[in-house]
Structure formats: C-alpha cells, structure tokens
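Working notes, structure below.
Remember, it's 1-based here, ligands and their atoms both numbered in the order they're listed.
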Amino acid sequence: MPTSASPSNEIVIVGAGIVGLATAFHLLAEGHRVRLVERGGVAEGASYGNAGALAFTDILPLASPGMLRKAPKWLLDPLGPLSIPPRYLPQITPWLIRFWRASLPDRYAASITAQGNLMRFAATATQALVTQAGLAEHLRSDGNLQLYESEGELAASLPGWEARAREGIALEHVRGERLADLQPGVSPRFTVGTFTPHWQTVGDPYHYALALFRMVMARGAGLVHGEVVSLTAHAQGVQLRLADGKVLNAGRAVIAGGAWSRPLAKSLGDSIPLETERGYNTTLPPGAFELRRQLTFGGHGFVVTPLSTGIRVGGAVELGGLKAPPNFKRSEAMLTKAAQFLPGLRTEGGKQWMGFRPSLPDSLPVIGPATASARVLYAFGHGHLGLTQSAATGRLIADLVAGRRPSIPLEPFRPDRF
Ligand SMILES: Cc1cc2nc3c(=O)[nH]c(=O)nc-3n(C[C@H](O)[C@H](O)[C@H](O)COP(=O)(O)OP(=O)(O)OC[C@H]3O[C@@H](n4cnc5c(N)ncnc54)[C@H](O)[C@@H]3O)c2cc1C
C-alpha cells in the first residue's frame with residue numbers, strides 16, 4: 001500500500017471549507033505544520049454560497065418552542081421554509097426525536113448559554129483573525145434587520161429577544177420612520193422590525209474563504225487533493241486512508257468535513273447524529289435592489305443579503321439528506337416572495353445554489369477529541385452558523401492541540417454528548 005510519510009508533528013485537516021481553513025490559520029500561527037485534504041474544490045461546500053452573515057447575535061437553538069409552534073404550518077407548504085421529503089422521513093426520524101428533546105426547557109436554556117458563550121468568543125476571534133490575516137476589507141458592519149408583519153408576530157418572538165438581551169445582545173425594536181430609514185422600500189405589510197447592530201456580513205463568503213486559503217498557503221500550509229475514507233489513531237499518530245488507496249501519516253488530524261463528517265467519525269468508533277439541513281438561494285446581479293443591510297424575513301424562513309457580488313435571497317431548511325438532487329423550486333419560491341416583500345427587486349439574471357448545512361439536533365457544533373484518541377479532533381456540525389463560528393472553532397482547536405485551557409468551556413460541545 002503506497003504511503004505518504006508525514007513528520008509526526010504535522011497536523012492533517014480533512015476539509016478545506018471555512019472551518020478547516022480557519023483551523024489551519026490558527027494552527028499555523030502556533031508554529032504547526034499543516035496539510036489540508038480536500039476532495040473537491042477549496043470552499044466549494046456549504047462555505048461557497050451561504051448568506052454571508054456573521055450572526056453573532058443568533059444564539060437561539062433552532063429546536064425552540066417557537067420553531068415547534070411554526071413547524072406544522074411550514075410543513076404543510078411543500079415549498080415552504082421547512083420541508084421533509086417523505087422518502088427521507090424514516091432516516092431522519094431519530095434526529096427529529098433528538099431535535100424535539102433539545103427544545104425541552106432545561107436543554108433549550110443550556111444551549112442558549114453555550115451558544116451565547118461561543119458567539120461572544122466568535123465575535124472576538126473573528127475580529128482577531130480578519131486583522132491578523134489582512135481580511136478586514138471583507139467585513140460589513142451594518143447589522144441585521146428582522147421584519148414582522150404585525151405587532152402580534154413581534155410579540156410572539158419577544159421571549160427569544162429577551163433571552164438574547166439577557167446574554168448581553170444589543171437590539172432595538174423599530175417602527176415608522178426608524179424602520180424606513182434602516183431599509184427604505186420594504187412592502188408596507190411589514191410594520192415592525194428588530195435591529196441587531198452588532199451582526200456583520202462578509203462581502204462574499206466564497207471570496208472571504210479563498211482569501212483565507214491564499215493566506216494559509218502563503219504561510220506554508222500544504223494541500224492534498226483526495227477523499228479521506230477512514231482514520232486510525234495509534235500511540236504515535238494518525239493514519240488517514242484515501243479513496244485512491246494512499247495513506248497519509250500525521251501526528252494529529254482534525255475532521256472539518258462539514259456535512260460529510262459522520263462516516264469519518266464513525267471510522268473511529270464515534271456515532272454522531274450529524275444530518276444535513278439543505279438550504280437554497282438565488283444570487284441576483286449587483287444593483288438588483290438598494291439594500292442597506294441584511295434583512296431577515298423570519299416568518300418566511302429566508303434572508304436577503306447585500307454582497308459585493310450581488311443580492312442573495314435564500315434560506316429554507318430541507319431535511320432531505322446528502323444524496324437527493326436539488327429542488328430549485330425552493331429558490332424560486334423564496335425569490336417570488338422577496339419580490340413581493342421588496343417591491344422593485346429586479347429578479348432577472350439570478351444564479352441558483354443549494355448547500356448542505358452540517359447540523360446537529362441541538363444546534364451546537366462538535367468541538368473536541370475523538371473518543372478513541374485525543375490525536376483526532378472534531379470540528380464540524382455548525383449548522384446555520386459555520387461561517388460565524390469558524391474563527392472561534394479554529395482557535396478552540398488550537399487550544400486543544402496546545403493542551404491549554406480552552407478559551408470557553410467546551411463541555412456543551414463534546415462529541416460524546418449524544
Ligand atoms: C443556504 C445557506 C445559508 C447559510 N448562511 C449562513 C450564514 O449566513 N452565516 C453562517 O455562519 N453560516 C451560514 N450557513 C452555514 C455555513 O455555510 C456552514 O455552517 C459552513 O459553511 C460549514 O463549513 P464547513 O467548513 O464545516 O463545511 P463545508 O464548507 O461544507 O466544507 C467541508 C469540506 O470538506 C470536504 N470534505 C468532506 N468530506 C471529505 C473527505 N472525506 N475527504 C476530503 N474532503 C472532504 C468537502 O468537500 C468540503 O469542501 C449557511 C448554509 C446554507 C446552506
């Protein structure tokens with residue numbers, strides 16, 4: 001069997017998405033030798049076409065009492081914000097049971113605390129990374145505006161806003177002139193909004209990831225094109241088997257394979273309930289609308305984001321697994337709604353995309369060692385928030401590699417919590 005010898009101090013990272021790249025950045029900064037293994041194009045997974053939000057204020061787990069209230073109505077609409085293709089129902093049912101359990105009051109509260117900690121750290125870690133990597137020009141700091149169709153809709157979401165406020169998140173409920181000033185041209189059916197000023201966005205998530213990739217390559221990272229099929233840990237290091245029969249040897253490995261990480265953890269004996277929430281969008285040409293900041297239409301499950309490369313309209317959750325082809329009618333349905341909500345939005349010339357969010361039932365990522373060996377670290381399962389939490393995750397993995405006390409308590413993110 002051909003093997004590629006790696007010095008035992010080398011760390012191999014599986015996956016060159018935004019999480020793998022941010023992890024590479026932090027490990028290189030601490031003097032480690034780093035190689036990324038990627039089977040496709042760099043940052044062409046979920047990190048390619050997401051909504052670009054650094055959603056530091058988004059600390060509520062998806063499995064919330066509010067979400068469970070909305071879910072039955074959403075599920076009735078086949079192109080609505082949440083869908084489960086019937087053929088996938090048997091496979092996703094155990095995950096849905098865990099999801100429901102995660103919404104129970106004590107677990108929900110614990111997840112908010114954990115997510116709050118991670119997000120506060122993410123805000124600091126992101127600023128540090130963009131400064132050190134020279135990526136500050138990719139950031140927009142104009143907040144997010146969530147829009148509601150009635151005072152009743154806002155009232156229903158107040159418990160969630162109060163929970164955020166308790167975690168120190170700045171927010172402002174806005175109406176009338178203030179609302180119109182934050183975003184002119186919204187349909188009058190939206191009468192009230194909530195502005196979160198500390199939410200940021202990147203100019204374009206793919207460009208941001210590529211800039212980080214260029215930075216880590218310039219700092220000495222290596223890149224191997226190949227698909228890792230299994231890992232084995234032993235006393236001196238880790239062996240990674242590739243689909244073409246090659247074997248990579250490393251001192252340590254980090255699994256940052258996004259939605260595809262489950263079988264890799266399984267090869268080490270860990271059964272982690274990772275599923276995918278498929279999301280859809282359309283990116284319209286620049287100038288399709290005069291957008292001042294990212295808008296969230298929470299009742300309809302999508303956002304509209306001003307990017308350097310255009311206006312991106314999308315969101316939605318389809319619990320349909322990794323194999324089924326995309327159903328771009330979902331992208332179209334959100335675009336049709338966006339045109340109603342933002343009269344004047346020019347909908348021609350758009351590019352559709354579907355991506356696989358790597359999702360765990362409690363909306364928290366897995367950050368920590370494999371059960372079999374601390375030489376393999378997991379960094380996946382960031383769901384809707386992988387861009388937001390990438391810098392923080394990279395820093396936490398570097399803490400674990402260094403044997404330092406992690407910057408935040410990692411207990412809630414343990415791989416064996418399920
Ligand atoms: C529609 C949509 C909107 C979103 N909006 C936002 C947002 O606004 N803000 C935010 O923070 N997050 C958002 N997300 C979520 C975010 O995109 C993901 O959480 C994040 O990109 C995950 O990054 P990752 O590096 O873990 O995974 P990925 O970007 O998917 O990267 C994983 C990489 O690993 C590679 N890989 C996997 N298995 C192997 C293997 N065995 N061998 C070799 N390589 C392998 C893959 O090819 C891939 O390149 C959104 C997602 C979607 C779908």
Checklist entry - Do H138 and Q200 get their side chains close enough for a donor-acceptor pair, meaning under 3.5 Å? => result no
Checklist entry - Applying a heavy-atom distance cut-off of 4.0 Å, which protein residues contact ligand 1? => result V14, G15, G17, I18, V19, V37, E38, R39, G45, A46, S47, N50, A51, G52, A53, G226, E227, V228, A256, G257, G258, W260, L264, G279, Y280, W353, G355, R357, P358, G383, H384, L385, G386, L387, T388
Item to check | Enclosure of E30 CD (heavy-atom neighbours >12, cutoff 6.0 Å) | outcome: yes
Checklist entry - Can you find a side-chain donor-acceptor pair between D204 and T309 that sits under 3.5 Å? => result yes
Checklist entry - Without hydrogens or angle criteria, can the side chains of Q115 and Q389 be said to hold a donor-acceptor pair below 3.5 Å? => result yes
Next on the checklist: Tell me if the NE2 atom of H198 is crowded by more than 12 foreign heavy atoms within 6.0 Å.
Outcome noted: no
Checklist entry - Regarding Y378 and D270, is there a side-chain donor-to-acceptor distance under 3.5 Å anywhere? => result yes
